[in-house]
Structures are given as structure tokens and as C-alpha cells.
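See below for the structure under consideration.
One-based numbering, in listed order, for ligands and for the atoms of each. If you're wondering where the values come from, they're calculated on a predicted model, not measured in any experiment.
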Amino acid sequence: MKIISIVGARPEFIQAAPITRAIQDRPDYQEILVHTGQHYDYLMSQAFFDELGIPVPDYNLGVGSGRHGQQTAAMLAQLECLFLAESPDLVMVRGDTNSTIAAVLAAAKLGILTAHVEAGERSYDRRMPEEINRVVADAISDIHLCASRTSVARLAEEGITRAVHWVGDVMYDAMLQHLPVARHKSDVLNRLGLVANRYVLVTIHRAANTDDPARLATFVECLNRAGEPVVFPIHPRTRQALQRMNAQFAHHVIATAPMSYFDMVVLEENARLIATDSGGVQREAYFLSRPCITLREETEWTETVEAGWNLLVGADPEKIESAWRTFKPSAAHPSIFGDGCAASAIVDAIEHEYGSSYQLKAVQPQMDCRYEPR
Ligand code: UD1
Ligand code: UDP
């Protein structure tokens with residue numbers, strides 16, 4: 001079985017690590033790793049390959065940043081040629097990025113079997129580009145690999161019931177596999193002069209939060225008013241937005257470059273509180289039993305809210321400040337995201353679907369398309 005795995009953005013690299021390992025465990029499976037180049041700064045890309053031992057991608061499309069249409073189109077054109085040249089049995093995509101949608105679209109139109117990891121996530125807010133990517137990816141992919149039971153139910157509500165598998169969250173696999181090493185290797189607390197349980201970790205990168213100067217200014221004011229150390233690793237999109245508004249931070253706010261994964265999970269594990277708009281960070285807060293406040297009005301990860309460990313506070317300064325001071329998670333911590341074996345469950349699910357009557361569609365014969373690896 002020849003699988004082309006697509007990665008392009010930070011959370012996709014983290015998810016790639018356990019999946020690549022699970023594929024390598026099957027002698028009859030071959031993985032071709034394709035990096036679209038959506039993220040490219042060292043701390044947004046290569047740092048994860050180095051730390052997590054992800055193989056060097058077989059292809060890097062080097063698309064870089066751009067408007068949604070421009071970026072997605074650049075990936076789509078190259079991926080179509082690449083798929084024709086490689087004739088994979090299956091294309092695997094993850095989550096909801098522009099890399100995801102470009103790959104699933106290119107593959108589906110060529111009649112190549114597609115598997116979508118993190119299927120069935122919804123915010124039900126179509127103003128969010130990621131929501132469009134998810135809905136389309138779920139509508140046209142063949143195998144749906146869900147992180148939680150709620151995502152299975154959401155797909156069923158949309159009439160998607162065939163080849164839907166609850167496998168658990170591969171981000172949890174990554175956490176279990178790497179946390180012991182991260183604890184050993186990361187010196188981030190010392191480096192930043194932090195004491196465990198005496199700081200708040202903040203991440204903000206959603207377009208809805210960064211591209212609205214009034215919203216972003218509210219977050220900056222809330223961080224500046226906090227009476228305790230705040231660590232704020234800044235995503236490049238956010239850095240640019242903060243520079244545009246000439247944002248200034250109080251001394252207790254440690255505004256840094258993006259963290260490596262090891263530093264990030266150690267910061268998460270030791271934080272008194274996590275405030276974020278990241279899907280991955282909300283779940284990691286839950287894995288690590290850290291209280292989380294989410295700087296959005298809705299979340300795809302509703303189970304963490306229902307369990308009482310995540311509170312939606314949006315950009316309302318009163319809600320943020322009150323939750324910051326008083327939020328206490330509930331005592332119960334149900335298992336929502338599986339047992340940390342999602343990656344091998346993903347490969348099992350693919351094996352099951354591939355081997356069943358739900359067979360491959362034929363790949364179109366190669367036309368005048370040549371693809372040279374970069
Ligand atoms: C993307 C995903 C989002 C995911 C996030 C993970 C889409 C539509 N969104 O959002 O779902 O949560 O990745 O972090 O795909 N930039 C750099 N260096 C880089 C990468 C980006 O400077 O290495 C800057 C560029 O100015 C770029 C901006 O960040 O325009 C946004 O990057 P982009 O990949 O378009 O979207 P993200 O906000 O990262
Ligand atoms: N992350 C990281 N360094 C950072 C911020 C996040 O390693 O400075 C990790 C985080 O631990 C999680 C993943 O990146 O594993 C989440 O990615 P991101 O927040 O960019 O995207 P999302 O999950 O919202 O799609």
C-alpha cells in the first residue's frame with residue numbers, strides 16, 4: 001500500500017510523527033511524505049522534524065504564504081502532477097488547513113482513495129476558513145478518521161456514515177510519545193525564569209482574532225493587566241498584526257518566538273492556566289489536565305467544555321479577567337480522546353477499508369504531467 005501523506009502546517013507535523021511510525025511498522029506499507037511548504041520558518045516547520053524525528057519529506061512543494069485562493073491553487077496544481085507521477089493507493093490529509101483541502105481535492109478528482117484524519121470537527125462558523133476546509137474535506141474524502149465520538153455524531157448528522165472510524169486523537173499519541181523526552185530535554189522554565197504553576201501560557205493565531213485590531217488590542221490589554229507572569233509564544237501571523245498596531249507589552253508578559261514542541265508541552269504541563277484560540281493547545285491542555293480558557297466564542301472541541309475543563313470567553317475583557325482569576329475545572333476528567341493509540345488505529349482503519357469491497361477507484365492514466373521533486 002503506497003500512501004502519500006500531506007503535511008504543511010505546524011499541527012500537521014506534530015500529527016505526522018506518530019502516523020509515520022505506525023505506517024513504518026507495517027512491512028507492506030510505504031509512505032511518501034509531502035510537505036506543501038505552507039509553513040516554512042524554522043520554528044514553524046523544521047524544528048518539529050528535528051525534535052520529533054519525522055523523516056525528511058520526499059517532496060517539498062515550497063508554496064509559501066499567500067491569499068487563500070492563491071496558496072490553495074499553487075498546492076492543487078503541484079499536487080495533481082505529483083499524484084499522477086506517483087500513483088499512490090491512498091492520499092492521507094489531516095485537519096483543516098489549506099494543505100488539507102488542496103490535497104483532498106486533487107486526489108478526489110483523480111479518483112484516488114483519500115483518508116481524512118480529524119474528520120468531523122465543526123465550529124459551525126463558515127466565516128472561518130478552516131470550517132470551509134473541513135466541510136469540503138469531509139464531503140469528498142473516502143475514509144473518515146475521527147478524534148472523538150462527537151465528531152462521528154456530527155458526520156452522521158450530515159449524512160456521512162460510511163467508512164467513519166473513531167480512532168482517537170493522534171495529538172494525544174504524540175504527547176504520550178514525546179512528553180517524557182521533552183521533560184528531560186527542555187530547559188524552557190529555567191530559560192524564561194518561570195516557576196511551575198505560577199504563570200499563564202497564552203497562544204493566539206486565529207485570523208478572527210489577529211485580523212481584527214480591536215479584538216487583538218483587547219487581548220493585549222488583558223495580558224498587560226494580568227498580575228502574574230504570562231508566556232506568549234507568538235505565531236508569525238500574530239507577530240505581524242501586533243507590529244502593525246505597535247503593541248507594547250508589560251514587563252510580566254514574556255512575548256517570544258514560537259516554541260519548539262518540547263518547550264511547548266513543558267510550558268503547557270507546568271502552566272497554572274492556559275489561554276488560547278488553538279485547537280491543538282485546547283486538547284493538549286485537556287490531556288495534561290490543565291485548566292484552559294478559550295479566546296473564541298465557539299470551539300470544535302466541545303467535549304472539553306462539556307467536561308468542565310475548558311471555558312469559552314471570546315474577546316470579552318470581563319469574561320477573560322474573571323475566568324483568568326477564578327476558573328476551576330471540574331474534578332472529573334473523562335477519557336475523550338482515546339488511549340494514545342490513534343495512529344495504529346488509523347492504519348488499521350485504512351487496512352479495513354482498503355481490503356473491503358470499498359475498493360480503490362482507478363487512478364487516471366498519466367497525461368502530459370511531469371513532476372520533479374524540489
Ligand atoms: C494555518 C491554518 C490553521 C492552523 C494554523 C496552524 C489554514 C487556512 N489555516 O493558519 O488552521 O491552525 O495554520 O498554525 O490553512 N507565516 C510566516 N512563516 C511561516 C508561516 C506563516 O511568516 O512559516 C505568516 C505569513 O505571513 C502567512 C501567515 O503567517 O501569511 C499565516 O500563515 P498561513 O499558513 O496562511 O495560516 P495560519 O494562520 O498559519
Ligand atoms: N505549538 C508549538 N509551539 C508554539 C505553539 C504551538 O509547538 O509556539 C504546538 C502545540 O503544542 C500544538 C500545535 O502546535 O501541538 C498546535 O498548533 P497551532 O496552534 O498552530 O494550530 P491549531 O491546533 O490551532 O490548528
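In this structure, the protein non-hydrogen atom closest to atom 7 (O) of ligand 2 is Phe48 CE2, 3.3 Å. Pro236 CB, 3.2 Å is the protein heavy atom nearest to atom 22 (O) of ligand 1. Remark: minimum distance from atom 38 (O) of ligand 1 to any protein heavy atom is reached at Arg237 NE, 2.6 Å. Protein heavy atom at the shortest distance from atom 25 (O) of ligand 2 is Pro11 CG, 3.5 Å. Distance from atom 23 (O) of ligand 2 to its nearest protein heavy atom, with residue and atom name: Gly280 N, 2.7 Å. Looking at atom 24 (O) of ligand 2, its nearest protein heavy atom turns out to be Arg206 NH2, 2.7 Å. Closest to atom 18 (N) of ligand 1, if we only count protein heavy atoms, is Asp41 OD2, 2.9 Å.
Of all the heavy atoms of Pro11, the ones lying under 4.0 Å from any atom of ligand 1 belong exclusively to the side chain. Proximity of Glu130 to ligand 1, defined as any heavy-atom pair under 4.0 Å, is confined to the side chain (atoms from C-beta onward). Counting heavy atoms under 4.0 Å from ligand 2, residue Ser278 touches it through both backbone and side chain. Both the backbone and the side chain of His39 come within contact range of ligand 1, each with a heavy atom under 4.0 Å.
With respect to Arg126 and Glu130, no salt bridge is recorded, no charged nitrogen being found less than 4.0 Å from a carboxylate O. A salt bridge does not link Arg26 to Asp28: none of the charged side-chain nitrogens sits closer than 4.0 Å to a carboxylate oxygen. Between Arg10 and Glu12 no salt bridge is recorded (no basic side-chain N to carboxylate O distance below 4.0 Å). Salt bridge status for Glu353 with Arg162: absent, with no side-chain N to carboxylate O gap under 4.0 Å. Contact check on Arg272 versus Glu228 returns a salt bridge, with a Lys/Arg side-chain nitrogen under 4.0 Å from an Asp/Glu carboxylate oxygen. Between Arg134 and Glu131 there is a salt bridge, with a side-chain nitrogen of the basic residue lying less than 4.0 Å from a carboxylate oxygen of the acidic one. Using a 4.0 Å cut-off between a side-chain N of Lys or Arg and a carboxylate O of Asp or Glu, Arg290 and Glu268 do not qualify as a salt bridge.
Nearest residue to atom 34 (O) of ligand 1 from Arg134, Arg239, Gln38, His235 is Gln38 (criterion: closest heavy atom). Of the candidates Glu268, Gln15, Met259, Arg10, the one placing a heavy atom closest to atom 5 (C) of ligand 2 is Arg10. The option with the heavy atom closest to atom 2 (C) of ligand 2, from among Glu130, Met171, Met264, is Met264. Evaluated by nearest non-hydrogen atom to atom 12 (C) of ligand 2, the leading choice among Glu51, Glu284, His39, His178 is Glu284.
Close contacts between ligand 1 and Gln240 involve ligand atoms 22 (O), 24 (C), 25 (C), 26 (O) [criterion: under 4.0 Å to a heavy atom]. Which parts of ligand 2 touch Ile14 is read off a 4.0 Å heavy-atom cut-off, strictly below it: atoms 9 (C), 12 (C), 13 (C), 14 (O), 15 (O). With ligand atoms numbered from 1 in the order given, ligand 1 contributes 11 (O) to contacts under 4.0 Å with heavy atoms of Asp96. Shown in contact with Ala9 at under 4.0 Å from a heavy atom are these atoms of ligand 1, numbered in order with element: 13 (O). Ligand-side atoms of ligand 2 in range of Tyr261: 7 (O), 15 (O), range being under 4.0 angstrom from any heavy atom. Near Met44, with a cut-off below 4.0 Å to any heavy atom, the atoms of ligand 1 are 23 (O). Atoms of ligand 1 lying under 4.0 Å from any heavy atom of His68, numbered from 1 in the order shown and given with element: 8 (C).
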Intermediate values then yes/no, side chain to side chain contact (heavy atoms under 4.5 Å, CB included), Ser344 and Asp25 = CA-CA 9 Å; Ser344 61; Asp25 285 346; over 6 Å; no

Report the C-alpha separation of Thr100 and His116 in whole Å, then their side-chain angles, then the decisive distance to 0.1 Å, and conclude whether the side chain to side chain donor-acceptor pair (under 3.5 Å) test is met.
-> CA-CA 8 Å; Thr100 309; His116 184 204; 5.7 Å; no

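Between Pro233 and ligand 2, no N or O atom pair is found at a separation short of 3.5 Å.
Distance check: Gln70 CD to Met75 CE gives 11.0 Å after rounding to the nearest 0.5 Å. For the atom pair Gln71 CD and Ile101 CD1, the distance stands at 12.5 Å (nearest 0.5 Å).
Nearest heavy-atom pair across Ala226 and His252 is O-NE2, 2.9 Å.
Between Phe13 and His35, the angle of the ring planes lies from 30° to 60°, which puts this pair in the tilted group.
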